[in-house]
Engineer: 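One structure, pasted below without further comment.
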Protein chains: 2
Amino acid sequence: MDATIFTPRAPGRPRDAETEARILQVALRLLAEQGYSRMSLDAVAAESGTSKPTIYRRWSSKADLATAALNTIQFAEPPVDTGSTVGDLTGTLENFSRSLLRPNGMSLIGTVLAEEAHTPELLTLFRARLVATRRGMLHAILLRAKKRKELRRAVNLDCVVNMLVGAFYARYLATSTVPPDFPRELVATIWPGIAAISKGS
Amino acid sequence: MDATIFTPRAPGRPRDAETEARILQVALRLLAEQGYSRMSLDAVAAESGTSKPTIYRRWSSKADLATAALNTIQFAEPPVDTGSTVGDLTGTLENFSRSLLRPNGMSLIGTVLAEEAHTPELLTLFRARLVATRRGMLHAILLRAKKRKELRRAVNLDCVVNMLVGAFYARYLATSTVPPDFPRELVATIWPGIAAISKGS
DNA sequence: AATGGATACGATACAGTATCGTAATCACGA
DNA sequence: TCGTGATTACGATACTGTATCGTATCCATT
């Protein structure tokens, strides 16, 4: 009885799913490379080997296409599990660092922030799909550690997450680079301040 | 013999210095509100009560005007000196929080990041004028503390600066808000990890 | 006499729509 | 099995209205 099982009749020529994927892929790249307002649908159509009407048949506006493109970003990285809290934090941050340093990773963040006033749905979606996911992973690691009594009771987990994640933004804003051992250094710097028992440095 | 002492001849009608200031002020506001590519010179001219040729007589291009506008941001806040390292850090971060929450403070950061590929001079200037200044103040506070033996010897000061500053970016990216006691909480969270002697929590 | 400012202009780019001929898929009938 | 028509998607192109950057022309000011 489920319409998704007995495929409902499709009267005419079916849409090409590959075309759809190609458009979204190009749109996401241009969004990151050039920012929202510089991303033109003419360019998206040309680079994806299609045409504007084909795009508008699928998405109702530029903003609609942009959010759909953002929505295709998949969070492929599985949760890290190294056995130790420090290792899990470091591993998760290393994944973060890689995705941030992907070409135009920071530009994409800049774009959604810059468009907050004009196209707020971009930031909303970015939050729900990427920011929240990443923060949730870090938060889960810290919460587990807290339940194991590895952390001081008074530690504000959100505050720690903000510092760990934000350090990458600050570093990039200052230098456009992030060294490979940055995640390890971050964890090493913050751990003595949040760990339950302060052993020797 | 110095031309700046004996005012040099002014051949024609002198420029109005107030006009210049008004243009820059409007340009900076629109840059933050709408982003670089949406900031139109027509709007700048209209809102500053002047016209485009008047703008182009002073700055050679849109990018030139935008960088000049960025360059007018003054770092009025004096260095904080409360007598204690924790107090200085907190006070400096509170200043930071205020400037960040000024309307469109984060949008401006987003714009310079998003424009990194297309108009890199914005990010370069933003770094030199604002990022470096703020980081320098925090770094100085930490370095002074280190010389007073208040910090562990192994602490990486840059790393701490990145975490303190970055936490604001991360928080804003996640929620678009920063609570008033955020600076205090940040310092409270990181201090036990970097202080030389760990006293009771 | 030389520069200031304002209006108007040219050139270009963009979002979104319309049209045209073609290709793909289905339903139906021979 | 083969063909025919109906229906929808497709790429290509052109178009409309608007926004934009940067410049030229004109009069006012000093």
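Hydrogens, waters and symmetry mates play no part in the numbers below; they use all other heavy atoms, side chains included.
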Engineer: Could you give the CG-to-P distance, from Leu30(B) to dT20(D), as a whole number of Å?
Structural biologist: 11 Å
Engineer: Can you see if the side chain of Arg15(A) gets near the phosphate of dT8(D) - specifically, an N or O under 4.0 Å from OP1 or OP2?
Structural biologist: no
Engineer: To the nearest angstrom, how far is Glu18(B) atom CD from dG4(C) atom C1'?
Structural biologist: 15 Å
Engineer: Is a side-chain donor-acceptor pair under 3.5 Å present for Ser37(B) with Ser37(A)?
Structural biologist: yes
Engineer: Above 12 or not: heavy atoms from other molecules or residues under 6.0 Å from CZ of Arg148(B)?
Structural biologist: yes
Engineer: For residues 173-181 of chain B, dump all side-chain donor-acceptor pairs below 3.5 Å to protein atoms at least two apart in sequence or in another chain.
Structural biologist:
| unit_1 | atom_1 | unit_2 | atom_2 | d |
| --- | --- | --- | --- | --- |
| Thr175(B) | OG1 | Arg171(B) | O | 3.1 |
| Thr175(B) | OG1 | Arg171(B) | NE | 3.3 |
| Thr175(B) | OG1 | Thr177(B) | N | 3.2 |
| Thr175(B) | OG1 | Thr177(B) | O | 3.1 |
| Thr175(B) | OG1 | Thr177(B) | OG1 | 3.0 |
| Ser176(B) | OG | Glu116(A) | OE2 | 2.9 |
| Ser176(B) | OG | Arg127(A) | NH2 | 2.6 |
| Thr177(B) | OG1 | Arg171(B) | NH2 | 3.2 |

Engineer: Regarding Arg22(B) and Glu47(B), does a basic nitrogen lie under 4.0 Å from an acidic carboxylate oxygen?
Structural biologist: no
Engineer: Counting only heavy atoms and a strict 4.0 angstrom limit, can you tell me which residues of residues 36-54 of chain B come near DNA chain C?
Structural biologist: Gly49(B), Thr50(B), Ser51(B), Pro53(B), Thr54(B)
Engineer: Rounded to the Å, how far apart are Lys62(B) NZ and dA19(D) C1'?
Structural biologist: 11 Å
Engineer: The side chain of Pro14(A) is closest to which nucleotide in this list: dG11(D), dG4(C), dT25(C)?
Structural biologist: dT25(C)
Engineer: I'd like to know if Arg57(B) reaches the base of dG4(C) with its side chain such that a donor and an acceptor end up less than 3.5 angstrom apart.
Structural biologist: no
Engineer: I want to check a possible cation-pi pair here: Lys62(A) against Tyr36(A), using under 6.0 Å from ring centre and within 45° of the ring axis as the test.
Structural biologist: yes
Engineer: Assess the side chains of Thr19(A) and Arg58(A): does a donor N or O sit below 3.5 Å from an acceptor N or O?
Structural biologist: no
Engineer: Tyr56(A) has an atom OH; how far is it from atom C1' of dA12(D), in whole Å?
Structural biologist: 17 Å
Engineer: When you get a sec, tell me which of dG5(C), dG22(D), dG16(C) is the closest nucleotide to the side chain of Thr19(B)?
Structural biologist: dG5(C)
Engineer: Whole-Å distance between dT7(C) C1' and Ile55(B) CD1?
Structural biologist: 15 Å
Engineer: Does Arg58(B) place a side-chain N or O at less than 4.0 Å from the phosphate oxygens OP1/OP2 of dG5(C)?
Structural biologist: yes
